[in-house]
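Take a look at the structure set out below.
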Amino acid sequence: MPTSLCGTWDMISNVNFDGYMSALGISTYLRKIALRLKLKKVIERQGDQYIIKTLSTFRNYAISFKIGQEFEEFTKGLDNRHIKSTVTWQGNKQKCEQIGEKKNRGWAHWVEGDKLHLELYCDGEVCKQVFKKNVNE
Ligand code: ECB
């Protein structure tokens, strides 16, 4: 059983977010705003349902899913695309494959110590984000 992803996590590093956003076709204007954000992840599990919220002062984004069950994702306020997403466990990594217009798109989450790691990838670009557990929330 992998260490739980659940909890509130505060971003401490964000590498190649600009490359990832460029691959998604996000405008220079929005990329500039997004690059300044300190993101917060809130991950919850209710039975076999996961909820992942990405929170910021500018925009919020949330998904909910069951492991192994494809769902329709609309990336509202991000790149605004309709994609088909499936989340699975591969070892200690929770991985999402996002099928749509953009090739090789998805993400992977895993925990090491008190850190939550996230790789976001799209079309050959990889963004690496690390979050620290927020024990007060
Ligand atoms: C929601 C906060 C970010 C708002 C940025 C606004 C404009 C930029 C447009 C697109 C940028 C692309 C992605 C934003 C980065 C993080 C949002 C969620 C990324 C994601 O897929 O997270 C997964 C894994 O934790 C769960 O949805």
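Read the numbers this way: they start at 1 and go in the same order the structure lists the ligands and their atoms.
- From the protein, the heavy atom lying nearest to atom 8 (C) of ligand 1 is A34 CB, 3.9 Å.
- With a 4.0 Å heavy-atom cut-off, ligand 1 is reached by the side chain of I26 but not by its N, CA, C or O.
- Between E44 and Q49 the shortest side-chain heavy-atom distance does not fall below 4.5 Å.
- Every atom of ligand 1 is numbered from 1 in the order shown, and the set under 4.0 Å from a heavy atom of M21 is 11 (C).
- Separating the CE atom in M11 from the CG atom in L39 is a distance of 3.5 Å, to the nearest 0.5 Å.
- No donor-acceptor pair under 3.5 Å is formed between the side chain of R31 and the backbone N or O of I33.
- In this structure, D48 contributes its side chain and K66 its backbone to no donor-acceptor pair below 3.5 Å.
- Taking every non-hydrogen atom of I63 and a distance limit under 4.0 Å, the qualifying atoms of ligand 1 come out as 26 (C), 27 (O).
- Residue contacts with ligand 1 do not include Q129, since none of its heavy atoms lies under 4.0 Å from the ligand.
- Taking every non-hydrogen atom of I52 and a distance limit under 4.0 Å, the qualifying atoms of ligand 1 come out as 25 (O), 26 (C).
- Looking only at heavy atoms of the protein, atom 2 (C) of ligand 1 is closest to R59 O, 3.4 Å.
- The only member of E73, E72, R105 that meets side chain to side chain donor-acceptor pair (under 3.5 Å) when paired with S85 is E73.
- Heavy-atom proximity to Y61, at under 4.0 Å, picks out these atoms of ligand 1: 1 (C), 27 (O).
- Between T54, N80, L30, it is T54 that holds the heavy atom closest to atom 17 (C) of ligand 1.
- Of the polar atoms of Y20, none of the N or O atoms is found under 3.5 Å from an N or O of ligand 1, judged by distance alone.
- Ring geometry for W107 versus H109: interplanar angle over 60°, hence perpendicular rather than tilted (30 to 60°).
- The protein heavy-atom contact nearest to atom 22 (O) of ligand 1 is K41 NZ, 3.1 Å.
- Geometrically, K93 engages W110 in a cation-pi contact, judged by NZ or CZ lying under 6.0 Å from the ring centre and within 45° of the ring axis.
- Regarding atom 20 (C) of ligand 1, its nearest protein heavy-atom neighbour is L120 CD2, 3.7 Å.
- N104 and D123 share no donor-acceptor pair across their side chains, judged by distance under 3.5 Å alone.
- Looking only at side-chain heavy atoms (C-beta outward), V111 and H117 stay at 4.5 Å or farther from each other.
- Among protein heavy atoms, the minimum distance from atom 24 (C) of ligand 1 is reached at H109 NE2, 3.4 Å.
- Every atom of ligand 1 is numbered from 1 in the order shown, and the set under 4.0 Å from a heavy atom of F17 is 14 (C), 15 (C).
- Taking the six-membered ring for Trp and thresholds of 30 and 60 degrees, F65 and Y50 have nearly parallel ring planes, at less than 30 degrees apart.
- With hydrogens left out, the protein atom closest to atom 23 (C) of ligand 1 is W107 NE1, 3.6 Å, a heavy atom.
- Of all the atoms in ligand 1, the ones that sit under 4.0 Å from a non-hydrogen atom of F58 are 6 (C).
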